[in-house]
Visitor: 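Have a look at the structure that comes next, please.
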Amino acid sequence: MTTDKPAALSIDVPWGTDTIRVTNISPHLPADSTDSHVAAVTAAGRANPSTWLPDTAWGAVARATTRPEALAVQLRPTTDEPSGLLMVENVEGATLRSVVTRVLLNELFPGPQPRTGMEVSEVPDPQVHGITHEGRPGAIVQYRYENPAHLRNHVWQTIHATLSLNSYATSILTRSVTRNLITHPVEIAFEDGAEPIHVLVVRDGITRLASAWAVLAGHGADPAEVATLATDALLGSASAAGTAAGPDLGQRLTASRTRWRQELRQEFHDEMKGATPGLRAAQIAQSYVVPAQIAVGVEGHEGRVLSPEDIFDDAIRSVLASVHVEFKQWDAAAQNVEVITRALKRIIQQGDPRWNTADLQAVYGLAVGRIPVAELPQVFGGDPAPPGTALWRAIYLVSALTHPDLLELLKDQAKAIKGGQRMSMKGFGELLGPIIDLPWRAKKKLVTKQARNAWNNGGVLSNDVVTQGWTPQPTDDFTELIAPAMNGDDDARRTLAVAGGVALIADKLLTRNVGSSLGAKKEKGGVPFRSDVNKVIEGLSRPTNELGLWTLALAANTFRSDDLPQNSVPRQSLTGRESATSVEPPYVYFKVDLNAPDRIARDANGVPMPLYEWDVVAASAPERAAQAVPPSTVTGPAPVQVPAAPSANGETVLVDGGVSTSASSGEVPVTTDPVTALFQDGAAQGAEEALPTVPVPAPRAEDAPPPPSQRAAAHRKALHLGVQGARDALDHLHALEPEVGDHTPIVPVDQLDDLHKLLVGILTDVENLRRRTVENHVPEGDDPESDEFQETVLD
C-alpha cells in the first residue's frame with residue numbers, strides 16, 4: 001500500500017500591479033538536517049580520497065543541504081568510483097570536484113566578486129587566504145574580517161549593491177531559482193579575536209541569491225530592506241540563541257538561523273491551511289531553498305605555478321572568469337583587476353631569483369588592499385621612509401610594477417590569462433588604473449570613470465617612467481624634488497611625474513581628451529591640442545620644463561584622497577541657500593606662475609587663479625600651446641584655502657594662498673589674504689559654498705557608525721516619510737481652509753514664500769539625483785529580454 005504524495009500547486013498571486021502565475025508550490029518545506037545527518041556526511045567526506053575539509057566545514061555543508069543522505073551518497077567512494085559520484089570540472093591549473101544539491105537560502109553567505117569588489121564600496125572586502133592540509137590544497141579558503149560588524153556590513157552591502165543593479169525577483173517568484181549557484185565552504189576569521197565560523201559562500205549567482213531574498217521580502221521592499229532582512233536572517237543576534245546552543249560563535253549563529261527557519265516554516269504551514277494559499281505562501285515556497293554546486297575537492301595539475309594555498313581560489317576565480325566572459329561580462333575595471341592580480345600572484349610563485357619573494361608579496365598585498373596605506377613606511381622602509389599616504393602608495397606601486405623586467409613578465413602573464421597576443425603600454429595602464437584608485441575610489445566616485453579612461457590612454461606610464469627601473473624619493477614636500485630633477489636626478493624627476501600625474505588624473509584635471517575638447521572653454525574641459533595622457537606626463541616631466549615640474553609638484557602637494565577639488569566638480573547652489581561650514585578648507589588646484597614668489601598665478605586683483613586641464617596640457621608643451629587658439633577668458637571659482645605647500649626655495653604657501661618667506665631669505669613677506677582680498681574687491685561672496693551637508697544619525701558609543709549606504713537607507717525612508725507627511729499636512733490645510741476665518745490666512749504669505757523656496761530646492765535636488773542615478777545604472781546596450789533569460793545569462 002502506498003501513500004500518494006501531495007501534488008504541487010500552481011496559483012495566481014498579485015505582485016505589484018501585475019498578477020503572477022506561480023508554479024509548482026510544494027505543500028511542505030524540507031526539514032533541517034539532524035546531528036546524525038551531519039555525522040554521515042562528515043564520515044563520507046573523510047573517506048573520499050579526493051576531498052579534504054575540516055569537520056566543521058563538513059558540518060556547514062551538511063546543515064545547509066536539504067538532502068544530506070543524497071549528499072553522503074555522492075561523497076561515498078566505491079570500488080568502481082574511488083572519488084564517489086562527484087562532479088568533475090577541469091579548469092586552468094586544477095581539477096575541481098563538487099557535489100550538486102539543494103541548499104537552504106539562509107545558510108548561504110554572499111562572497112566577494114570582482115564585479116562587486118572593484119566598484120565604489122564603503123565596506124572593504126575581506127582578506128582571502130588559502131587553506132592547505134598536509135601540503136595539499138583544500139577546497140576552502142579563509143576570509144579575514146576585522147570583526148563581526150565588518151562581516152555584517154559586508155553582507156548588507158553586497159546584497160544591497162547587487163539588487164541596486166539588477167533583480168530577477170519576478171522570474172524567481174514564478175518558478176524559483178533554476179540554475180545552480182557556485183558555492184564552497186569558507187572559514188570566516190576575525191582579527192579582533194572573535195571565534196572563527198564555517199559557512200557556505202556563494203561565488204557565482206549572487207544576483208539570484210539576492211533576488212530570492214527580494215522575493216521573500218515582498219514586492220514593496222527596497223534593496224535596503226531586503227539587505228537588512230538577509231543580514232538578520234544570516235547573522236541574527238548570536239546571544240539570542242542562548243547558552244544551550246553551544247559555547248562558540250558558530251554554534252550560536254547556527255541555532256539562530258535554525259530558529260529563523262522554524263518561524264518561517266510555521267508561517268508557511270499556517271498559510272497552507274487555507275482553501276487557497278496566498279502570496280505569502282508562494283514567496284516562502286519559491287525562495288526557501290535554491291540549487292547549488294558545492295566545491296568540496298581540488299587537485300593541482302603537474303607543473304603548476306601557484307603554491308598549494310593559492311590553487312583553489314585561483315581555480316574558482318578561473319571558473320567565474322570563464323562564465324562572465326562567455327555570458328555577462330564584468331565591467332572592464334573588474335576584469336582588469338582580476339587579470340593583474342592573478343598575473344602578479346603567478347610571478348610570485350615562480351621564484352625568480354631576480355626578486356625577493358617577500359618584496360613581491362608586499363607589493364601584491366599593497367595592490368589588493370591587504371596591506372593598509374598606513375603601513376607603507378614599515379613595508380618599504382628606507383631613510384627617509386615614505387609617508388603613509390594614498391598618493392605615496394600609488395607612487396611605490398607604479399615604481400614596483402613598471403620595473404622593466406617585471407613589467408615584461410606581468411604583460412606576458414596578463415596576455416596568457418586574457419588570451420591575447422600582444423599588450424601595449426596603454427593596455428597595461430588599463431590594468432593599473434583600478435588598483436591605483438583603491439584608497440580614494442569611494443571619495444572620488446564622481447570622476448572615477450574619467451580617471452580610468454585616462455589610465456586606458458596611458459596614464460602616467462610615459463617612456464621615461466617605464467624604460468628603466470627607478471627608486472621613489474620620499475619627501476613631505478614635492479617641490480623639494482624640482483631642483484634635483486632639473487639637475488639630472490632621474491629618480492626625483494620620475495617621482496614627480498608619477499606623483500603629480502596620479503593626482504591630476506584622479507581629480508579629472510588630466511583626461512583622455514577627445515576632438516570636442518579642442519577649442520572648448522577652459523571651464524568646459526577644453527584643451528589647446530590633442531595628446532595622449534602619458535605624452536602629457538612625459539612633457540611635464542622633461543628636465544628642461546620648469547613650468548611642467550612645478551605643475552606636477554604643486555598638484556602632488558595639493559592632492560587629497562578623501563575629497564574632490566572644486567576644479568573638477570564645481571558645486572553651485574541652485575536655490576541660493578547657505579551650506580553648513582565644512583571642517584576642512586576648500587580643496588583647489590592653482591595655476592602655476594614661475595614669476596610669482598609662491599609660484600601661484602594671480603589675476604590683476606591678486607586673486608589666485610584655478611588650474612584647468614587646458615593649463616596642464618599647455619604646460620607639457622608651452623611652445624606648441626602658444627600656437628593654439630587661446631581659450632576664452634573665463635572667471636574661475638573663487639580662491640579658497642588649501643593645505644600648506646612648502647616650495648623649493650624655502651617659501652611656504654599659506655593655506656589661504658599667500659606666501660610666508662623665511663627671515664633668512666631677505667625678501668619682504670607677502671601677507672595678503674587672497675580670500676579677504678577677493679571679498680574686498682566685491683567678488684561674489686557665495687563662491688565659498690561647499691556641498692550641503694545632511695545630518696546623519698549619531699554613532700553609538702559602543703561601536704562604529706554603520707557604513708554610508710545603511711545610513712542612506714534610513715535617510716531615504718525619512719525623506720519619503722517627510723515628503724508624504726508634507727503632502728498629508730497640505731491636504732489637511734486645504735480641508736481646513738474654508739473653516740478658518742478671514743482674520744488670518746491658513747498659512748501666512750511669508751511662510752508660503754519660505755516653503756516654496758524650500759520645495760523648489762528639494763525638487764531640484766531630487767531631479768539631479770534621479771538623472772545621475774539613471775545615467776550611472778542603465779547598462780549600455782540594454783536588451784529587454786525576459787526575466788528567465790536574465791536569470792540564465794546575465795548573472
Side-chain angles (χ1 to χ4, degrees), residues 29-30 32-33 38 41 53 56-68 71 98-113 115-116 125-126 128 139-141 143 145 151-152 154-163 167-169 172 176-188 197-217 226-236 250 253-261 264-265 283-296 316 319-320 323 791 795:
L29 296 181
D32 287 343
S33 299
V38 173
V41 170
L53 291 174
T56 46
W58 283 121
V61 173
R63 284 190 300 272
T65 183
T66 61
R67 295 293 305 277
L71 184 63
S98 307
V99 294
V100 178
T101 184
R102 294 176 64 79
V103 297
L104 300 163
L105 179 67
N106 85 318
E107 290 289 344
L108 290 174
F109 285 67
Q113 278 188 309
R115 176 181 62 81
T116 55
D125 283 345
V128 181
I140 182 173
V141 295
Y143 288 169
Y145 289 91
L151 169 62
R152 176 178 289 273
H154 188 264
V155 169
W156 192 98
Q157 173 182 269
T158 305
I159 298 293
H160 179 264
T162 300
L163 291 177
S167 175
Y168 313 139
I172 291 173
S176 73
V177 177
T178 57
R179 188 160 59 90
N180 289 341
L181 311 182
I182 296 177
T183 70
H184 62 78
V186 165
E187 179 189 55
I188 294 180
I197 60 176
H198 283 86
V199 299
L200 273 187
V201 161
V202 176
R203 292 295 294 273
D204 183 64
I206 290 181
T207 304
R208 279 167 277 154
L209 177 73
S211 300
W213 283 109
V215 168
L216 190 60
V226 178
T228 300
L229 170 66
T231 304
D232 289 344
L234 291 167
L235 295 163
L253 291 180
T254 297
S256 175
R257 292 194 295 271
T258 300
R259 189 171 56 256
W260 182 88
R261 289 193 299 272
L264 202 63
R265 275 199 298 269
Q283 290 174 253
I284 297 173
Q286 301 297 70
S287 62
Y288 193 78
V289 296
V290 295
Q293 171 185 328
I294 308 173
V296 294
I316 289 292
V319 171
L320 302 188
V323 170
E791 181 196 337
D795 193 342

Visitor: Minimum heavy-atom separation for Pro185 to Ala57, with atom names?
Guide: CB-CB, 4.1 Å
Visitor: Side chains of Asp232 and Arg152: does their closest heavy-atom pair fall under 4.5 Å?
Guide: yes
Visitor: On a heavy-atom basis, which atom in Arg179 and which in Arg208 lie closest, and how many Å separate them?
Guide: O-NH1, 2.9 Å
Visitor: Among all residues two or more places apart in sequence or in another chain, which pass the side chain to side chain contact (heavy atoms under 4.5 Å, CB included) test with Val155?
Guide: Phe109, Pro110, Leu151, Thr231, Leu234, Leu235
Visitor: For Thr56, give me all partners under side chain to side chain contact (heavy atoms under 4.5 Å, CB included), at least two apart in sequence or on another chain.
Guide: Pro54, His198
Visitor: Do any N or O atoms from the side chain of Ser176 and from the backbone of Gln286 form a donor-acceptor pair under 3.5 angstrom?
Guide: no
Visitor: Leu200 versus Val186: any side-chain heavy-atom pair under 4.5 Å?
Guide: no
Visitor: How many angstroms lie between CD1 in Ile182 and OG in Ser98, if you round to the nearest 0.5 Å?
Guide: 8.5 Å
Visitor: Below 4.5 Å, heavy atoms only, C-beta onward: do Val215 and Ile284 meet side chain to side chain?
Guide: no
Visitor: So do the side chains of Leu105 and Leu209 get within less than 4.5 Å of each other, counting heavy atoms only?
Guide: yes
Visitor: Do Tyr288 and Asn106 make a side-chain contact, defined as non-hydrogen atoms from C-beta onward lying under 4.5 Å apart?
Guide: no
Visitor: Spell out, as yes or no, whether a donor-acceptor pair under 3.5 Å connects the side chain of Thr183 to the backbone of Gln293.
Guide: yes
Visitor: Provide the closest heavy-atom pair for Ser287 versus Ala212 in the form atom of the first, atom of the second, distance.
Guide: CB-O, 3.4 Å
Visitor: Between Leu104 and Asp32, is there a side-chain heavy-atom distance shorter than 4.5 Å?
Guide: yes
Visitor: Which one of Val103, Asp204, Leu108, Ile206 satisfies the side-chain contact (heavy atoms from CB on, under 4.5 Å) criterion with Leu181?
Guide: Leu108
Visitor: Which pair of non-hydrogen atoms, one from Ser211 and one from Leu163, has the smallest distance, and what is that distance?
Guide: N-CD2, 3.9 Å
Visitor: Please determine whether the number of non-hydrogen atoms from other residues, nucleotides or ligands lying under 6.0 Å from atom CZ of Arg67 exceeds 12.
Guide: no
Visitor: So, using side chain to side chain contact (heavy atoms under 4.5 Å, CB included) as the criterion, who are the partners of Arg102 when residues are at least two apart?
Guide: Thr66, Val289, Pro291
Visitor: So which heavy atom on Thr162 is nearest to which on Ala210, and how close?
Guide: CG2-CB, 4.0 Å
Visitor: Under the side chain to side chain contact (heavy atoms under 4.5 Å, CB included) criterion, do Arg261 and Leu29 qualify, and how do the steps go?
Guide: CA-CA 10 Å; Arg261 289 193 299 272; Leu29 296 181; over 6 Å; no
Visitor: Do Val38 and Pro68 come close enough that some side-chain heavy atom pair is under 4.5 Å?
Guide: no
Visitor: Counting only N and O atoms by type, is there a donor-acceptor contact under 3.5 Å from the side chain of Thr158 to the main-chain atoms of His154?
Guide: yes
Visitor: Please report the closest heavy-atom contact between Ala139 and Leu53, naming both atoms and the distance.
Guide: O-CD2, 3.6 Å
Visitor: Kindly assign one of parallel, tilted or perpendicular to the pair Trp213 and Trp260, based on the angle between their ring planes and the thresholds 30° and 60°.
Guide: tilted
Visitor: Applying side chain to side chain donor-acceptor pair (under 3.5 Å), can you list everything that pairs with Gln283, at least two apart in sequence or on another chain?
Guide: none
Visitor: Using the side chain to side chain contact (heavy atoms under 4.5 Å, CB included) rule, take Tyr168 and Val177 through it: C-alpha gap first, then chi angles, then the decisive distance, then the call.
Guide: CA-CA 9 Å; Tyr168 313 139; Val177 177; over 6 Å; no
Visitor: Using the test side chain to side chain donor-acceptor pair (under 3.5 Å), find all partners of Thr65 that sit at least two apart in sequence or belong to another chain.
Guide: Thr101
Visitor: Report yes if some heavy atom in the side chain of Thr254 is under 4.5 Å from a heavy atom in the side chain of Arg63; otherwise report no.
Guide: yes
Visitor: Go through the structure and list residues passing side chain to side chain donor-acceptor pair (under 3.5 Å) with Thr228, not counting sequence neighbours.
Guide: Trp156
